[in-house]
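Below: one structure, written as structure tokens.
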Amino acid sequence: MEDRHYKRILEELLNLVDAGVHIVDNKGVGILYNDTMAKIEEIDIEDVIGKEFSEAFPGISLKNSTIYQAWRDGVSTINKTQTYENRYGKTVTTVNSTVPVKENGVTIAAIEVAKDITNIKSMTDQILSLQSKEMEPHKVEPKIKRYVFSDLIGKSTLFETAVNRGKTAAKTNASVFIYGETGTGKELMAQSIHYDGNRKNKPFLAQNCAALPETLLEGILFGTAKGGFTGAIDRAGLFEQANGGTLLLDEINSMPYDLQSKLLRVLQEDYIRRVGGSRDIPIDVRIIATVNESPQKLIEEGKLRKDLYYRLNVVGIDIPPLRDREGDIPMLAEALLAKQCKRFGKNLTSISPEAIRRLNAYDYPGNVRELENIIMQSVAMAEDEENVLDEKLLQMPMRETTEERNLVQWDRQASLDVYLSKLEKEIIRKVIHEENGNVSKAADALSIKRQTLQHKLKKYGIEY
């Protein structure tokens, strides 16, 4: 096979990769540049292939370029955030990994693989800017609902135990670790602890650790120093913005393992250092962390550092799922009915006994959040003149679909392949529903790759 054939094969291979790829020779001349990279940087492939790097990217300083450092100095960089302008002035933010290719100790090429995070970077900058504005002294009190313990409704033994632990925690500045399934009200508990405590007049900030990649999450938490990486500016992170108050770290097990160790060090030493900075900044922030899976299971699976868990679990609170809160559904439903009637301008004042029986019979995989959604749908569909929420208004998920019942018995008239396809479709449908449409979590639960699951969702036409 001729060299040009190998090159053509490599070009096609790189266009299948879900990342941008740019390869230069030992003189910095572009030799391969895939479609994904061209879309990220909004540059025509012809503007890069056969061109020297400085000609293809005149807006990038060579001393700050990772690909330049790789081919000239043999330096590798892994998962480095870069913000730069393409040749047409568009600002691009990527997370890059760049390595030199060597033969007999001599660099013959450099390969850069990039993930586009331009939109995420813009979003996080806006988040931090808005958070900073909320902290300004002249700022009017934000309209976001603030929850206190009187907003936590329930009389079951398990739930009252959790609430009482929260009330005790509110009297201290100790770190709190909250475990509860999705939809059980972990943030409501966290807010109640803050707003019923001695930090109630200080900031309460929250960050979902699953929402951002590691490179951006670190900057969000600890802030950035000008010059720390290409495009970086001096910006306070959430720890500085929450100083004196409380920082809620939701789904802390989704925080990358290395970043968990940095967080542990901050908790032990009570100071942070901005990304790319050299100055230690003292902070006084109370941490409340949450997870929606068993902490012991997360530790065993290597998703949560044991030492970080023990450092955070000074006060541990387990919020029970709704199915274990005996007797709480009627009072919750009544409170949610009043809330949604106010929202939609309806006049429903009570729930019929038949509707209550049906609500009690359901197992609520989505917990209180799912119950609220059921009540919301019912109120929205009620006629203006109705004053009782009865059974016909309830839009309850079916416990067992017709398709599920048909799968119990194998129809011998159908082939095994058809039966297995139906079974696979139903399993995927149930799991993606249980994970609230989160493809990554559903893929983990099914022990398959995320891309594989996406393919199957499209194949079976499953909406999520």
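Computed from a predicted model, the values in this text were never measured in an experiment. These values consider heavy atoms only, across backbone and side chains, with no hydrogens, waters or symmetry-generated copies.
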Q296 versus Y309, closest heavy-atom pair with distance: NE2-OH, 3.7 Å
Does a side-chain N-to-carboxylate-O contact under 4.0 Å join K297 and E300? no
Any donor-acceptor pair under 3.5 Å from S175 side chain to V314 backbone: no
Parallel, tilted or perpendicular: rings of F239 and F222 (30°, 60°): parallel
Would S440 and R450 satisfy side chain to side chain donor-acceptor pair (under 3.5 Å), going step by step from the backbone distance to the final call? CA-CA 6 Å; S440 297; R450 190 178 191 277; 2.9 Å; yes
So do the side chains of V266 and I287 get within less than 4.5 Å of each other, counting heavy atoms only? no
Should R146 and V148 count as side-chain neighbours, where that means a heavy-atom distance under 4.5 Å? no
When you check the gap from the basic side-chain N to the acidic O, do E240 and R274 get nearer than 4.0 Å? yes
Could you measure the distance from the CG atom of L348 to the CD atom of Q340? Nearest 0.5 Å is fine. 11.0 Å
Side-chain donor-acceptor pair under 3.5 Å between T66 and E112, yes or no? yes
Partner of K441 by side chain to side chain donor-acceptor pair (under 3.5 Å), out of E435, E251, E293, E434: E251
Given the rule in the salt bridge (charged side-chain N to carboxylate O under 4.0 Å, His left out) test, do K339 and D151 qualify, once you have shown the distances and angles that lead to the verdict? CA-CA 12 Å; K339 174 183 175 182; D151 295 310; over 6 Å; no
Would you say CE of M381 has more than 12 non-hydrogen atoms from neighbouring residues, nucleotides or ligands within 6.0 angstrom? no
For the atom pair OG (S261) and CZ (R305), what is the distance rounded to the nearest 0.5 Å? 5.0 Å
Enter the distance from L389:CG to L394:CG here, rounded to the nearest 0.5 Å. 5.5 Å
L216 and V95: CA distance, side-chain angles, deciding distance, side-chain contact (heavy atoms from CB on, under 4.5 Å) verdict: CA-CA 9 Å; L216 290 184; V95 175; 5.9 Å; no
Would you name the heavy atoms of V388 and L393 that are closest together and state the gap between them? O-CD1, 4.1 Å
Flag side-chain contact, heavy atom, 4.5 Å: E187 against Y147: no
Contact between R286 and V176 at the side-chain level, heavy atoms closer than 4.5 Å - yes or no? yes
Could you go step by step and tell me if R369 and E372 meet the salt bridge (charged side-chain N to carboxylate O under 4.0 Å, His left out) rule? CA-CA 5 Å; R369 186 180 297 144; E372 181 168 18; over 6 Å; no
Say whether, by atom type as modelled, one donor and one acceptor occur between the side chain of R323 and the main chain of Y364 under 3.5 angstrom. no
Is any side-chain heavy atom of N313 closer than 4.5 Å to one of P295? no
Does any N or O in the side chain of D328 come within less than 3.5 Å of the main-chain N or O of K155, such that one atom is a donor and the other an acceptor? yes
Any chance you could lay out the side-chain contact (heavy atoms from CB on, under 4.5 Å) test for L152 and F159, step after step, and finish with the verdict? CA-CA 9 Å; L152 302 180; F159 187 70; 3.9 Å; yes
Test the R199-F204 pair against the cation-pi criterion, namely NZ or CZ under 6.0 angstrom from the six-membered ring centroid and within 45° of the ring axis. no
To the nearest 0.5 Å, how far apart are CG in L259 and CG in L264? 11.5 Å
Tell me which one of I288, T290, L308, L298 satisfies side chain to side chain contact (heavy atoms under 4.5 Å, CB included) with I252. L308
Side-chain (K186) to main-chain (G180) donor-acceptor, under 3.5 angstrom: yes
Shortest non-hydrogen separation from A333 to L359 and the atoms involved: CB-CD1, 4.1 Å
Would you say K167 and D196 make side-chain contact, with heavy atoms under 4.5 Å? no
With a 4.5 Å cut-off on side-chain heavy atoms, are L249 and L221 touching? yes
Whether H194 side chain and K202 backbone form a donor-acceptor pair below 3.5 Å: yes
On a heavy-atom basis, which atom in A114 and which in M37 lie closest, and how many Å separate them? CB-CE, 3.7 Å
Taking every non-hydrogen atom, the tightest pair across V113 and A19: CG1-CB, 3.8 Å
Considering only heavy atoms from C-beta outward, does the side chain of L238 approach that of V285 to under 4.5 Å? no
Does the side chain of N367 pick up a donor-acceptor pair with the side chain of T184 at under 3.5 Å? no
What orientation do F57 and H22 show, parallel under 30°, tilted 30 to 60°, or perpendicular over 60°? tilted
More than 12 heavy atoms of other groups within 6.0 Å of E326 CD: no
Rounding to 0.5 Å, atoms CZ (R325) and CG (L332) come to a distance of 5.0 Å
Side-chain (N253) to main-chain (V291) donor-acceptor, under 3.5 angstrom: no
Between T168 (side chain) and N164 (backbone), is there a donor-acceptor pair under 3.5 Å? yes
Approximate separation, where rounding is to 0.5 Å, of N208 CG and S254 OG: 7.0 Å
Please determine whether side-chain contact (heavy atoms from CB on, under 4.5 Å) holds for the pair I193 and I317, giving the CA-CA distance in whole Å, both sets of side-chain angles, and the decisive distance to 0.1 Å. CA-CA 11 Å; I193 292 170; I317 299 175; 3.9 Å; yes
Smallest separation among heavy atoms of Q260 and M255, with atom names: NE2-O, 2.9 Å
Between R357 and E354, does a side-chain contact (heavy atoms from CB on, under 4.5 Å) hold up when you go through it step by step? CA-CA 5 Å; R357 278 195 291 271; E354 294 79 12; 3.4 Å; yes
